[in-house]
Amino acid sequence: MSYMAASSLLLLLFFSGSPIQILGLGVGINYGQIANNLPSPSRVAYLLKSLNISRVKLYDADLNVLLAFSHTNVDFIIGLGNEYLPNMTDPIKARNWLQQRVQPHLPQTRITCITMGNEVFKTYDHQLWSNLLPAMQTVYNALVDLGLDKQVTVTSAHSLDILSISFPPSAGSFRQDLGEYLHGILNFHAEVKSPFLINAYPYFAYKDNPNEVPLDYVLFQSNQGTVDPITNLKYDNMLYAQVDAVYSAIKAMGHTDIEVRISETGWPSRGDDDEAGATPENAGLYNGNLLKRIEEKQSTPAKPNVPVDIYVFALFNENLKPGPASERNYGLYYPNGTPVYNIGVQGYLPGMVYTSPSTKIALSVVSNVLFLVIAYLIFA
């Protein structure tokens, strides 16, 4: 097949209903990279552009990723790992980190938020607990000094383990041993107007008690739901109940002016024998139904005027993550760009170019032409 013939055929396929769908999704995505087989960041930029996903959360400040997404109008949450928190309590080190890892990328790469650590209170490292708030404050103050605080905010992401009571939602409360730490953190959020982030996984509740937790309730399927006996509010899914429980816990500590956002939620497509419910079918239902609710800009029963803000975990399966099999199988996509399951959304990952001793050859003429067609349509 000639180059022109292939090009004409691909254009015909594209405009007559090819499987590539360019959709608008009001959802963020977690872009984890604990793997040795992921596509390059520049290819990932094309994939996310084809999906019209414009919000990405990283767990670091990866230089290659931030450069690859330059001028793409993607909003980034970047992360500072738990191991960096002690250093970030030092104003000089905090300022240096911002000048080296954040400031050079602005404004061409849209960094809007920095998460200080991840699930710090899950570590049971009391020194780390003590460092969290000072690190958040120091980095924020450095942003102010650099004139970046209007562009970039500071927060942290927490596991739901910080709750001692999660049901009924109106009785939600934080663990007593975390009170002294969370009180200051909540004051910080209220002062700088940054969101309180939670990593919420109804999957864990189902996995631990598959005989007691209704599967339809955690998968956003039709079900009889549960009623909060105090407020009489009805919940038809666990995720919204978890969010409202966090709102109640925050209110119990004196704050009604802090927004709760979901920095991670998802469902694994595969797991070990003792990981109930980890199947492609359930993962497809969870994430597919979740996307529908996000498109509808749904709110929780206790916060009817605040649409739930969600980052799905995760973009790719990550083959080097430690722990049970489920940890390596949360991705919407395999690293080769193939969807792990069908949720009605498909994107395009450009083909790789391989190097032989004598020359570089593409996978095929078709993949090259398709790359050019899609690149033109997306970025023209």
Side-chain angles (χ1 to χ4, degrees), residues 118-124 129 132-133 155-190 194-267 277 286 289-290 293-294 298-311:
N118 186 55
E119 299 187 343
V120 168
F121 295 116
K122 202 176 181 70
T123 66
Y124 288 92
W129 294 8
L132 179 55
L133 177 58
T155 185
S156 186
H158 305 281
S159 163
L160 279 184
D161 290 350
I162 61 175
L163 293 178
S164 61
I165 298 175
S166 60
F167 194 86
S170 59
S173 62
F174 293 125
R175 284 167 28 200
Q176 287 189 354
D177 61 323
L178 300 180
E180 62 178 298
Y181 304 98
L182 289 173
H183 181 73
I185 288 171
L186 292 172
N187 287 342
F188 171 82
H189 285 302
S194 63
F196 189 87
L197 304 186
I198 59 169
N199 298 338
Y201 289 89
Y203 164 71
F204 294 147
Y206 178 78
K207 176 182 72 72
D208 293 341
N209 296 285
N211 297 322
E212 299 179 17
V213 176
L215 186 58
D216 287 341
Y217 180 63
V218 292
L219 293 180
F220 304 97
Q221 296 284 83
S222 178
N223 66 93
Q224 64 182 13
T226 61
V227 176
D228 186 319
I230 301 172
T231 62
N232 207 35
L233 294 173
K234 185 175 181 179
Y235 291 83
D236 67 355
N237 71 86
M238 181 178 285
L239 184 67
Y240 289 7
Q242 291 175 333
V243 172
D244 279 350
V246 176
Y247 271 120
S248 294
I250 292 174
K251 184 177 181 180
M253 297 196 79
H255 289 282
T256 58
D257 53 351
I258 298 170
E259 183 181 353
V260 175
R261 298 181 185 174
I262 300 174
S263 46
E264 289 183 20
T265 192
W267 196 284
Y286 184 85
N289 288 333
L290 178 63
R293 289 173 179 256
I294 293 170
Q298 284 194 1
S299 306
T300 67
K303 290 287 183 177
N305 299 317
V306 184
V308 182
D309 188 292
I310 294 174
Y311 282 76

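Residues: numbered from 1 along the sequence shown.
- Minimum interatomic distance between Met238 and Ala205 (heavy atoms only, all atoms of both residues): SD-CB, 3.5 Å.
- Here the straight-line distance linking atom CG of Asp244 with atom OG1 of Thr300 works out to 3.5 Å at 0.5 Å rounding.
- Interatomic distance, CG of Leu160 versus CD of Gln242, reported as 5.0 Å (0.5 Å rounding).
- In terms of heavy-atom proximity, Leu197 sits nearest to Ser156 at CB-O, 3.4 Å.
- Heavy-atom contacts from other residues, nucleotides or ligands closer than 6.0 Å to CG of Asn232 number 12 or fewer.
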Contacts under 3.5 angstrom, residues 182-190 side chains, donor-acceptor by atom type, not counting sequence neighbours:
unit_1	atom_1	unit_2	atom_2	d
His183	NE2	Asn187	ND2	3.4
Asn187	OD1	His255	NE2	2.8
Asn187	ND2	His183	O	3.4
His189	ND1	Ser194	O	3.4
His189	ND1	Ser194	OG	2.7
His189	ND1	Pro195	O	3.4

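- Donor-acceptor pairing under 3.5 Å is recorded for the side chains of Thr226 and Tyr217.
- Remark: side-chain polar atoms of Trp267 are paired, donor with acceptor, to backbone N or O of Gly277 under 3.5 angstrom.
- Nearest heavy-atom pair, Asn289 versus Leu219, reported as atom, atom and distance to 0.1 Å: ND2-O, 2.9 Å.
- Under the 3.5 Å distance criterion, with hydrogens and angles disregarded, no donor-acceptor pair is assigned to the side chains of Ser248 and Ser170.
- Nearest heavy atom pair, residue Pro301 against residue Tyr240, reads CD-CB, 4.3 Å.
- Remark: the backbone N or O of Asn209 is not paired with any side-chain donor or acceptor of Asn211 at under 3.5 angstrom.
- Pro169 has its side chain within reach of Asp228: a pair of non-hydrogen atoms, C-beta onward, lies under 4.5 Å apart.
- Residues meeting the side chain to side chain donor-acceptor pair (under 3.5 Å) test with Thr155, sequence neighbours left out: none.
- Listed here is the closest heavy atom pair of Gly179 and Met253: O-CE, 3.5 Å.
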Using the side chain to side chain contact (heavy atoms under 4.5 Å, CB included) rule, take Asn118 and Asn199 through it: C-alpha gap first, then chi angles, then the decisive distance, then the call. CA-CA 9 Å; Asn118 186 55; Asn199 298 338; 3.4 Å; yes

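- Side-chain atoms of Arg261 never come within 3.5 Å of backbone atoms of Ile310 as a donor-acceptor pair (strictly under, hydrogens ignored).
- At a threshold of 4.5 Å between non-hydrogen side-chain atoms, the residues Gln298 and Val308 do not count as touching.
- Between the side chains of Glu264 and Tyr201, a donor-acceptor pair is found at a separation under 3.5 Å.
- Between the side chain of Ser173 and the backbone N or O of Ser164, no donor-acceptor pair lies under 3.5 Å.
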Tyr203 vs Tyr286, test: ring pair (Phe, Tyr, Trp, His ring centres under 6.0 Å). Steps then yes/no. CA-CA 9 Å; Tyr203 164 71; Tyr286 184 85; 9.1 Å; no

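- Screening Trp129, Phe121, Phe174 for a ring-ring contact (aromatic ring centres under 6.0 Å, His included) with His158, the sole residue that qualifies is Phe121.
- Rounding to the nearest 0.5 Å places CD1 of Ile198 at 8.0 Å from CZ of Phe196.
- Of the possible donor and acceptor atoms, one in the side chain of Thr265 sits under 3.5 Å from a partner among the backbone N and O of Ala200.
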Could you walk me through whether Val227 and Leu233 pass the side chain to side chain contact (heavy atoms under 4.5 Å, CB included) check? CA-CA 6 Å; Val227 176; Leu233 294 173; over 6 Å; no

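- Without hydrogens or angle criteria, Asp309 side chain to Ile262 main chain gives no donor-acceptor distance under 3.5 Å.
- Distance check: Asn237 CG to Asn223 CG gives 8.0 Å after rounding to the nearest 0.5 Å.
- Residues Val260 and Tyr247 approach most closely at N-OH, 3.1 Å, considering heavy atoms.
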Taking it one step at a time, do Tyr181 and Leu133 satisfy side chain to side chain contact (heavy atoms under 4.5 Å, CB included)? CA-CA 8 Å; Tyr181 304 98; Leu133 177 58; over 6 Å; no

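- With respect to Arg293 and Asp236, a salt bridge is recorded, a charged nitrogen being found less than 4.0 Å from a carboxylate O.
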